[in-house]
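Remember, predicted model here, so these are calculated numbers, not experimental data.
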Amino acid sequence: MYTVTLEGRGDLGEWREAARVLLQAGVDPDEVVWQTPDAMGRLFADQRQDLPAPKPEVGVVSVPPDFIKLAGGVICHSDSRRFALLYRLLVRLARDRNTLAMAADADVVEARQMAKSVGRDYHKMTAFVRFKELPLPPRTAGRRRFVAWFEPDHFIVERVAPFFQRRFNDMDWLIATPKGSASWDGETLLTSTEPAEKPDLKDETDDLWRTYYASIFNPARLKVKAMTAEMPKKYWKNLPEAELIPGLIANAERSVLEMAARAASEPLPFHHRLQEAAANAPAVDVAPAGTLEAVRQEARHCTRCTLHCMATQTVFGQGPEQAKVMVVGEQPGDQEDLAGKPFVGPAGQVFNDVLREVGRDRRSLYVTNAVKHFKYEARGKRRIHQKPNQGEIQQCRWWLKQELDFVQPKLIVAMGATAYFALTDEKQKLADVRSKPLTMEDGQVLFVTVHPSYLLRIPDPGLKAKEMIRFRQDMESVQRLAAGFA
């Protein structure tokens, strides 16, 4: 049995040297006891460093670079089992270089969890260190001096010190922790693994932190679980603003009610600018009642369903009021929502291209959608299309019905299942009604085809080409049918 004593304060080099000797001597992981001094510097096992001599047949063992990176994180962990874990992985890597690729392996999982915990501790230190300025000695000029106290879980001071050097390069500072210290004087970055004592850092800036935190606290968006996950309670004792948190949480509901009460009487930010812009805006001519334009203006303020809450604007139909052909799509997309016009996005481009190929002028068509507001799901900066549900389609049928009454088209082209349902209140497989002229109750002809967006979503190039040909054929059929109403 071999006993290896390490300082164990985040130095990969000291473990690496001992592990290299043991590995080259062919020592099994079960034959090694790894230990560190306790807080008093005492050792509770034999301090023998009689490491074995290397075996010539073993030679130099190389390991993947990923292991060195992983070990650099694990060695900073405060768990005393980290040395044995790394040596166990090292022995296994000497036999199989693909050991780290075993995602479910117990040793690999434990090592990655330790490294992740160290990384999380690193992040928390960069977020929750609070510097306090020290006064300069009398009649002394120079750079400003700051000191901070932090209590990390692991031995991360040396790893995180370069971050603070880059971030606070223009001032002298000292960060003291129970697991080491770091300092910067404008020229030299120094780190120490010796434990430091907590200084008295209370000053008038604590009130500034409390004032700032209270001003940015939004009770309407309070999520206690998420907040404590980002700012764990163990850090609160060293954050001056943390003493406000229990009271802010307890009074959150009352604060929300008070905010709601004030909202009715307090003007919005830049309210006077909005009022001035509205006063100087050119007057909009009110369309005569009983016209399609009057319906269009009314639809701008539609609140018949909840889709108006997130959409930029209503996207009403566009085209000649007496058009013989009306094209009905599903709903506006992202670009239509921003432009306020139907079929101007990628699907609209496909539609326009095919119309030109079959010799049809889009300006002769009345183009609209079954639903007038864009329904989407926000993912980061992107707005992902969502299909409108049956209730939303039925509510928006109010506007579609008025468009049909005013335009009185002879031929209606339904693009997609949503448009077909909005026009007929029937649910059918699109394949069963596609490309077949259907006579409606009022004598109008309904022609059903796919929505151009369907063509854009087809991943297989061969199938996409076939469906493009079929869609073009549908538009040729529409052209022939429209010619019959001349």
For the residue pair Y420 and E426, confirm or rule out a side-chain donor-acceptor distance under 3.5 Å. yes
Salt bridge (Lys or Arg N to Asp or Glu O under 4.0 Å), that's the test. Do R20 and E17 meet it? Break it down for me. CA-CA 5 Å; R20 181 184 291 114; E17 289 302 318; 3.0 Å; yes
Measure the CG-CE distance between L455 and M468 for me, rounded to the nearest 0.5 Å. 6.0 Å
Would you please classify the geometry between the F164 ring and the F131 ring as parallel, tilted or perpendicular, with 30° and 60° separating the classes? perpendicular
To the nearest 0.5 Å, how far apart are CD in E158 and OG1 in T193? 8.5 Å
For G72, is there any backbone N or O sitting under 3.5 Å from a side-chain donor or acceptor partner on R159? yes
Can a donor-acceptor pair be found, under 3.5 Å and without considering hydrogens, that links the side chain of S181 to the backbone of S192? no
For A94 against L23, the heavy-atom pair lying closest together: CB-CD1, 4.2 Å
Side chain of R144, backbone of D170: donor and acceptor closer than 3.5 Å? no
Please indicate whether R16 has more than 12 foreign heavy atoms, meaning atoms of other residues, nucleotides or ligands, lying under 6.0 Å from its CZ. no
Count the heavy atoms of every other residue, nucleotide or ligand shown that sit under 6.0 Å from CD of E253, and state whether that count exceeds 12. no
Close side-chain approach of D28 to V91, heavy-atom, < 4.5 Å: no
Minimal heavy-atom distance between S453 and A347, with the atoms involved, is N-CB, 3.7 Å
Would you say the side-chain atoms of D474 pair up with the backbone N or O of T449, donor to acceptor, closer than 3.5 Å? no
Aromatic ring proximity, centroids under 6.0 angstrom, F343 and H451: yes
Return yes if a side-chain donor-acceptor contact under 3.5 Å exists between E392 and H373, otherwise no. no
I would like to know whether K225 and E230 meet salt bridge (Lys or Arg N to Asp or Glu O under 4.0 Å); could you show each step before the answer? CA-CA 9 Å; K225 187 175 181 180; E230 184 60 29; over 6 Å; no
Are the side chains of Y376 and D334 in touch, meaning some heavy atoms are under 4.5 Å apart? no
Please report the interatomic distance CG(L430) to OG(S435), rounded to the nearest 0.5 Å. 9.0 Å
Closer than 3.5 angstrom, by distance alone: can the side chain of Q165 be matched with the main-chain N or O of L189 as a donor-acceptor pair? no
Would you find more than 12 non-hydrogen atoms of other residues, nucleotides or ligands less than 6.0 Å from K466 atom NZ? no
Check whether W184 reaches the backbone of N169 with its side chain - one donor and one acceptor, N or O, closer than 3.5 Å. yes
Under 6.0 Å from the six-membered ring centre of F421 and within 45° of its axis: does the NZ or CZ of R397 meet both? yes
Answer yes or no: does atom CD of E377 have more than 12 heavy-atom neighbours from other residues, nucleotides or ligands under 6.0 Å? yes
Residue pair L85 / H77, side-chain heavy-atom distance below 4.5 Å: no
Taking all atoms of both residues into account, what is the closest heavy-atom pair of R82 and F155, and its distance? NH2-CE1, 4.0 Å
Between the side chain of R434 and the main-chain N/O of V448, is any donor-acceptor distance below 3.5 Å? no
Is there a donor-acceptor pair under 3.5 Å between the side chain of D107 and the backbone N or O of L89? no
Taking V4's backbone N and O only, do any of them form a donor-acceptor pair with Q35's side chain (distance below 3.5 Å, no angle check)? no
Above 12 or not: heavy atoms from other molecules or residues under 6.0 Å from CD of E336? yes
